[in-house]
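Here's the structure we're looking at; comments come further down.
Naming convention: chains lettered A, B, ... in sequence-line order (proteins, then strands); numbering from 1 in each chain.
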Amino acid sequence: MKYNIPRGTFDILPKDSYKWQFVMDSFRKVASRFGYEEITTPIFEVAELFERSSGESSDVVQKEMYRFSDRKERTFALRPEGTAPVVRSYVENHLDVLSSRTKLFYIGPMFRYDRPQAGRYRQFYQYGIEFIGSDNPYYDAEVIAIEMLWLKELGLKNLRLELNSVGCATCAADYEAALREFFRPNLDKLCPDCAKRFDIKPRRLLDCKVPSCKPFRSGAPAQLDYLDAHCKEHFAKVCDTLTAMDIAYTINPSIVRGLDYYTNTAFEVIYDGLGAQNSLAGGGRYNGLIEQIGGKSIPAIGFAGGFERLLIALEQEGIQLGTRPVPDAYLICLGDKARAGIMPYLNALRQKDVYVDYDPDKSSLKALFKAADTSGARFALIVGDSELEAKQVNLKNLQTGEQVSLPLDGGEAVVQVLKS
RNA sequence: GUGGGUGUAGUUCAAUGGUAGAGCACCGGAUUGUGGUUCCGGGCGUUGUGGGUUCGAGUCCCAUCACCCACCCCA
């Protein structure tokens with residue numbers, strides 16, 4: 001019986017895995033430069049955690065969550081996003097007591113039952129940042145700065161940072177009420193999707209792509225006009241701080257985050273050239289979430305980004321992502337005696353941190369050299385019965401063809417050449 | 001969940017309804033101790049799967065699965 005990988009998932013094969021490691025390490029380094037520390041939570045949680053935090057009406061909860069129950073009929077879900085688990089852990093482990101400011105980042109797989117598409121998978125890998133403990137607009141900018149600085153360092157150009165504010169809970173409610181008033185007269189003329197959105201998430205009416213819906217939204221109220229004084233000032237300060245940090249952005253009033261817990265700042269990093277799924281990262285402030293899932297009322301902000309899309313973008317720009325390891329040397333062993341006698345030497349080299357490739361199944365010199373070439377090793381170590389007898393090893397530079405005879409000692413002589 | 005496209009060797013692709021092929025890759029060999037070039041040799045693959053039409057199906061029809069793209073949604 002042959003088996004297939006589950007739909008919407010993928011294997012990271014050796015020819016690519018070094019790139020993933022490179023990018024993940026790179027993110028870890030940048031995050032720690034800003035004082036953020038890694039947190040790892042389980043890939044499944046009690047389903048209710050997501051239902052409560054993301055919102056019962058959100059698509060993520062309604063149709064995209066992998067739910068399952070265990071043998072004791074407890075209902076769990078594979079995590080569809082990273083923020084709720086981090087906040088759960090924050091509350092559960094009383095991280096707020098240790099410090100009033102908590103800086104966390106995470107890396108790991110998320111799961112969403114979606115129809116796969118370019119840049120969209122059912123199991124996908126995210127990196128994320130969460131700052132917990134202050135409503136200061138500086139932190140909104142800091143969190144955004146991490147992402148933008150990182151992408152810039154990786155060499156990514158043609159990025160767009162889009163910014164919006166959805167206000168606090170009361171501003172948002174005021175605005176949604178205004179939107180409903182605005183659309184209500186034409187409700188019966190809107191597409192069926194919009195009719196649903198009218199009740200659940202009226203903001204979505206603003207970016208419906210059905211042509212017949214478009215005319216009805218000219219003159220619609222804008223969220224930014226419905227911010228109260230405090231929210232308005234907060235947003236202005238975020239903008240100012242970004243400008244002071246030399247981070248370019250555009251304000252896009254139609255940015256809506258999919259999850260219910262967002263307040264105030266919402267942002268998205270767009271890279272054109274990814275197809276329809278052109279969002280590299282997105283996030284925002286969630287001042288009410290911690291209290292909502294059992295903690296104190298503590299403001300926070302964060303974002304998450306997708307590694308698959310980032311890798312697509314980086315490769316599209318022709319950016320080199322580390323290099324696949326190649327052997328320092330390839331050991332060519334001729335004769336049964338040599339093969340048996342060489343083990344201590346092979347072992348010694350590896351203990352000295354030399355990457356030596358060796359294949360005991362190949363015996364013809366031609367095949368061995370061919371293998372040495374394709375391995376990418378710069379050097380071949382050639383040992384036959386006579387060399388073993390004389391305690392010598394031939395070290396051949398595969399590029400120049402130069403060959404020298406060195407003592408077959410504990411590896412010191414060879415290491416000296418290899419590392420030079 | 002809805003729509004469109006595509007499924008042939010490890011891979012990239014051929015094959016007017018009439019015997020399934022090629023390039024690349026891979027393995028071996030060209031006096032069993034010095035490679036990358038060249039030459040020679042090596043492939044029966046349930047043509048994704050299951051039905052149907054036909055004397056005959058990789059080719060036409062239906063179903064199913066998978067992949068790609070888009071809607072939706074988002075990372």
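Across all strands shown, A66(B) pairs with U6(B); the Watson-Crick or G-U wobble distances both stay below 3.5 Å. Remark: G35(B) base-pairs with no nucleotide; criterion is Watson-Crick or G-U wobble with both hydrogen-bond distances under 3.5 Å. Under the Watson-Crick or G-U wobble criterion, with both distances below 3.5 Å, G1(B) is paired with C71(B). Using N1 to N3 plus N6-O4 or O6-N4 for Watson-Crick, or N1-O2 and O6-N3 for G-U wobble, each under 3.5 Å, U46(B) pairs with nothing. Across all strands shown, the partner of G41(B) is C27(B), judged by Watson-Crick or G-U wobble contacts whose two distances both fall under 3.5 Å. Base pairing of U53(B): no nucleotide in any strand meets the Watson-Crick or G-U wobble criterion (both distances under 3.5 Å). The nucleotide A20(B) finds no pairing partner, because no Watson-Crick or G-U wobble arrangement with both distances shorter than 3.5 Å includes it.
Checked by distance alone, Arg120(A) brings a side-chain donor or acceptor within 3.5 Å of a matching partner on the base of C73(B). Taking only distance into account, the side chain of Gln117(A) meets the base of C72(B) through a donor-acceptor pair shorter than 3.5 Å. Residue Ser386(A) places a side-chain atom within donor-acceptor reach of the base of G33(B), judged by atom type and a 3.5 Å distance cut-off alone. Judged by distance alone, with hydrogens and angles left aside, Glu64(A) brings no side-chain donor or acceptor close enough to the base of G1(B) to form a pair under 3.5 Å. Between the base of G35(B) and the side chain of Lys396(A) there is a donor-acceptor pair shorter than 3.5 Å.
G33(B) atom P lies 21 Å from atom CD of Gln392(A), rounded to whole Å. Leu368(A) has its CG atom 11 Å from the C1' atom of G33(B), to the nearest Å. The distance from atom CG of Leu331(A) to atom P of G35(B) is 18 Å, rounded to the nearest whole Å. In this structure, Asp373(A) places its CG atom 10 Å from P of G35(B), rounding to the nearest Å. Atom CG in Asp114(A) sits about 12 Å away from atom C1' in C71(B), given to the nearest Å.
The pair Asp140(A)-Lys237(A) does not meet the salt-bridge criterion, since no charged nitrogen lies less than 4.0 angstrom from a carboxylate oxygen. The pair Arg378(A)-Asp328(A) does not count as a salt bridge, with every side-chain nitrogen at least 4.0 angstrom from each carboxylate oxygen. A salt bridge does not link Glu37(A) with Arg28(A): every distance from a Lys NZ or Arg NE/NH1/NH2 to an Asp or Glu carboxylate oxygen is 4.0 Å or more. Using a 4.0 Å cut-off between charged side-chain N and carboxylate O, Lys103(A) and Glu142(A) make a salt bridge.
The aromatic rings of Phe27(A) and Phe105(A) sit perpendicular to each other, their planes meeting at more than 60°, with 30° as the lower class boundary.
Taking only side-chain atoms of Leu334(A), from C-beta outward, the nucleotide of C72(B), G33(B), A75(B) with the closest atom is G33(B). The side chain of Asp59(A) lies closest to C73(B), out of C69(B), G33(B), C73(B).
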Measure all distances between protein nitrogen or oxygen atoms and nitrogen or oxygen atoms of nucleotides 3-13 of chain B, and list the pairs falling under 3.5 Å.
unit_1	atom_1	unit_2	atom_2	d
G3(B)	O6	Arg115(A)	NH2	3.4

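Nucleotides A57(B) and U8(B) have their C1' atoms positioned 14 Å apart, rounded to a whole Å. Atom P of G56(B) sits at a distance of 15 Å from the matching atom of U19(B), rounded to the whole Å. Taking the P atom of each, G7(B) and G17(B) are spaced 15 Å apart, rounded to whole Å. With C1' as the reference atom, C26(B) and U47(B) are 22 Å apart, rounded to whole Å. A distance of about 32 Å separates the C1' atoms of C13(B) and C55(B), rounded to the whole Å. Distance check on atom C1': C69(B) versus C27(B) gives 39 Å, rounded to whole Å.
As judged by a 4.0 angstrom heavy-atom cut-off over every strand, Gly283(A) is placed among residues making no nucleic acid contact.
Counted by atom type alone, Ser405(A) and Gln392(A) present one or more donor-acceptor pairs between their side chains at under 3.5 Å. With 3.5 Å as the limit, one finds a donor-acceptor pair spanning the side chains of Asn394(A) and Glu387(A).
Stacking of Phe307(A) onto the six-membered ring of A75(B) is not present when judged by under 5.5 angstrom between centres and under 30° between planes.
In this structure, Gln403(A) and Phe124(A) both approach RNA chain B, and ranking their closest nucleotides by distance from the 5' end singles out Gln403(A).
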